[in-house]
Protein chains: 2
Amino acid sequence: MKLTSKGRYAVMALVDLARFDTINPVSLRDISLRQGISLDYLEQIFSKLKKNQIVKSTRGTQGGYVLSKKPNEIKLTNIFNAVDEKVKTVQCKKESKKGCNGKATKCVTHNLWDELETHINTFFEKKSLEDLLKNNSERVN
Amino acid sequence: MKLTSKGRYAVMALVDLARFDTINPVSLRDISLRQGISLDYLEQIFSKLKKNQIVKSTRGTQGGYVLSKKPNEIKLTNIFNAVDEKVKTVQCKKESKKGCNGKATKCVTHNLWDELETHINTFFEKKSLEDLLKNNSERVN
DNA sequence: TCTAAACTTGACCAATTTAGTCAGGTATGT
DNA sequence: ACATACCTGACTAAATTGGTCAAGTTTAGA
């Protein structure tokens with residue numbers, strides 16, 4: 001089981017955005033420089049964040065991105081869903097003879113995996129961008 | 001983020017073992033047939049489980065594996081650790097200029113990832129093989 | 001004692017995923 | 001008009017996953 005970088009980058013970038021977008025839109029270039037994330041990769045990530053209405057963009061010179069909601073309204077679960085960072089348990093094979101078919105004869109681990117998913121998602125649903133800002137506001141970056 | 005099959009197979013196999021090892025050792029061949037897991041792959045998994053003292057083996061005809069502890073003493077965290085199914089968050093690059101070096105200037109997501117790891121591990125530490133046996137004892141397989 | 005059943009070890013591999021890069025746009029403020 | 005910044009899609013090297021394959025060693029039972 002692992003957590004990938006994409007979700008982490010998305011969170012890092014949005015925290016950065018939340019701290020700097022109060023006056024002007026923030027360019028991806030700036031975020032790239034501050035957070036050390038490739039600009040091209042950031043563009044892919046922000047494309048998804050925009051499709052999911054987490055950020056808004058302004059084009060042209062002095063353009064950039066702004067959060068489309070308040071930090072306390074943006075939950076981590078929204079962010080991870082947006083960038084396709086799903087908590088995906090490996091599915092039981094439907095075609096397996098002895099395996100789990102999701103109906104009466106669930107395999108022994110089926111319920112367990114469901115529980116775990118719920119457990120993790122609950123964690124992400126509780127945490128908002130604002131929580132992360134608080135945790136880090138006392139530090140200079 | 002995803003959960004791989006190896007950990008799931010390990011759990012499935014151990015639940016199977018717990019239900020059938022009361023009299024004789026259980027051969028991997030039997031587990032393979034009942035659970036629909038490749039015999040060769042099971043051997044890899046059980047090699048690790050044995051190294052971690054979760055199962056004991058008996059060689060020769062009528063040989064096989066037996067749990068080395070009681071089902072309520074085997075926590076899922078033990079199983080996952082044994083088969084290298086770690087909850088591994090993607091590490092912050094040490095060499096990154098702006099990144100997290102684990103010391104004073106932690107990146108904004110560092111604490112978050114730590115918290116999540118703890119959250120998940122807590123879940124696995126609470127669950128034992130016995131819990132899974134209870135959940136499934138009423139069913140015929 | 002012979003042999004088949006069962007464990008043991010290590011090398012190997014195809015498919016998928018990840019974490020990007022690259023190239024070529026389009027839109028817009030100054 | 002032109003530089004800046006967003007936008008889109010194709011491509012790819014490296015790592016991981018989920019195994020297979022081959023070649024053993026050990027031991028119970030005929």
Side-chain angles (χ1 to χ4, degrees), chain A residues 1-10 12-13 17 20-21 24-33 35-52 55-66 68 80 83-93 96 99, chain B residues 1-10 12-13 17 21 24-33 35-52 54-66 68 80 83-93 96 99:
Chain A
M1 186 170 110
K2 68 178 179 179
L3 302 162
T4 65
S5 286
K6 191 184 282 183
R8 192 166 65 87
Y9 285 170
M12 286 168 70
L17 200 58
F20 290 98
D21 77 348
N24 294 316
V26 179
S27 71
L28 293 190
R29 187 176 149 73
D30 287 350
I31 297 176
S32 168
L33 292 173
Q35 302 296 330
I37 305 168
S38 135
L39 177 61
D40 285 313
Y41 202 30
L42 272 180
E43 283 176 348
Q44 283 183 42
I45 292 170
F46 272 76
S47 163
K48 293 183 177 179
L49 293 176
K50 191 186 172 186
K51 273 183 196 142
N52 286 269
V55 296
K56 288 181 293 190
S57 68
T58 316
R59 290 184 159 221
T61 317
Q62 305 301 328
Y65 287 93
V66 178
S68 56
F80 287 129
V83 297
D84 300 321
E85 181 91 328
K86 293 170 201 154
V87 177
K88 52 177 170 180
T89 56
V90 176
Q91 291 307 318
C92 311
K93 294 174 197 156
S96 166
Chain B
M1 187 171 111
K2 66 178 182 180
L3 302 162
T4 65
S5 287
K6 191 183 283 183
R8 192 166 65 87
Y9 285 169
M12 286 168 69
L17 200 59
D21 78 347
N24 294 316
V26 179
S27 71
L28 293 190
R29 186 177 150 74
D30 286 352
I31 296 176
S32 167
L33 291 173
Q35 302 296 329
I37 304 169
S38 137
L39 178 59
D40 286 313
Y41 202 30
L42 272 180
E43 284 174 348
Q44 284 182 42
I45 292 169
F46 271 77
S47 164
K48 292 181 178 181
L49 292 176
K50 192 185 172 186
K51 272 182 197 144
N52 285 269
I54 290 169
V55 296
K56 289 181 293 191
S57 68
T58 315
R59 291 183 158 222
T61 318
Q62 305 301 328
Y65 288 93
V66 179
S68 55
F80 287 129
V83 298
D84 299 321
E85 180 92 328
K86 293 169 202 154
V87 177
K88 53 177 170 179
T89 56
V90 176
Q91 293 306 318
C92 312
K93 293 173 199 158
S96 167

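We name chains A, B, ... by the order of the sequence lines, and we start the count at 1 in each one.
- Within 3.5 Å, no donor on the side chain of B:E43 pairs with an acceptor on the base of C:dC7, nor the reverse.
- Look at NZ on A:K50: it is 16 Å from P on D:dA5, rounded to the nearest Å.
- Counting to the nearest Å, the P atom of D:dT17 and the CZ atom of B:R8 are 15 Å from each other.
- Proximity of A:K6 to the phosphate of C:dT18: no side-chain N or O atom is located under 4.0 Å from OP1 or OP2.
- Between the NZ atom of B:K48 and the C1' atom of C:dG10 there is a distance of 13 Å, rounded to whole Å.
- Going from atom CG of A:N24 over to atom C1' of D:dT4 covers 14 Å, rounded to whole Å.
- Between the CG atom of B:D40 and the P atom of D:dA22 there is a distance of 10 Å, given to the nearest Å.
- Taking for each of B:Y65 and A:I37 the nucleotide of DNA chain C with the nearest heavy atom, the 5'-most of the two is the partner of B:Y65.
- A donor-acceptor contact under 3.5 Å is not formed by the side chain of B:Q44 with the base of C:dT8.
- The side chain of A:Y9 contributes an N or O atom lying less than 4.0 Å from OP1 or OP2 of C:dG20.
- Of all heavy-atom pairs between B:K48 and B:V83, the closest is CD-CA, 4.0 Å.
- Counting only heavy atoms from C-beta on, B:Q62 has its side chain closest to D:dA28 among C:dC22, C:dT8, D:dA28.
- If you find the closest nucleotide of DNA chain D to A:G63 and to B:S38, the one lying nearer the 5' end belongs to A:G63.
- When distances are taken from the side chain of B:Y41 to each of D:dG19, C:dC7, D:dA28, the shortest belongs to D:dG19.
- D:dC6 atom P lies 16 Å from atom NZ of A:K51, rounded to whole Å.
- B:E43 places a side-chain heavy atom less than 4.5 Å from the side chain of B:L28.
- Applying the 4.0 Å criterion to OP1 and OP2 of D:dT27, one finds that B:T58 has every side-chain N and O outside that range.
- The shortest side-chain heavy-atom distance between A:Y65 and A:L42 does not fall under the 4.5 Å cut-off.
- Counting only distance, with no hydrogens or angles, the side chain of B:S57 and the backbone of B:G64 share no donor-acceptor pair below 3.5 Å.
- Regarding A:L42, its CG atom lies at a distance of 16 Å from the P atom of D:dT8, rounded to whole Å.
- Rounded to a whole Å, the CG atom of A:L28 is 15 Å from the P atom of C:dG20.
- Distances shorter than 4.0 Å separate none of the side-chain N or O atoms of A:T4 from OP1 or OP2 on C:dT17.
- In terms of polar N and O atoms assigned as donor or acceptor, the side chain of B:R59 never comes within less than 3.5 Å of the base of C:dT8 in a complementary pairing.
- Between B:S5 and D:dT17 there is no side-chain polar atom (N or O) within less than 4.0 angstrom of OP1 or OP2.
- Side-chain proximity of A:R29 to the nucleotides D:dA5, D:dT20, C:dA6 is greatest for D:dA5.
- For C:dC7, neither phosphate oxygen OP1 nor OP2 lies less than 4.0 angstrom from any side-chain nitrogen or oxygen of B:S47.
- Annotation: side chain of B:Q44 is in contact with side chain of B:Y41 (closest heavy-atom distance under 4.5 Å).
- Put simply, the side chain of B:S32 gets close to the backbone of B:I37: a donor and an acceptor are under 3.5 Å apart.
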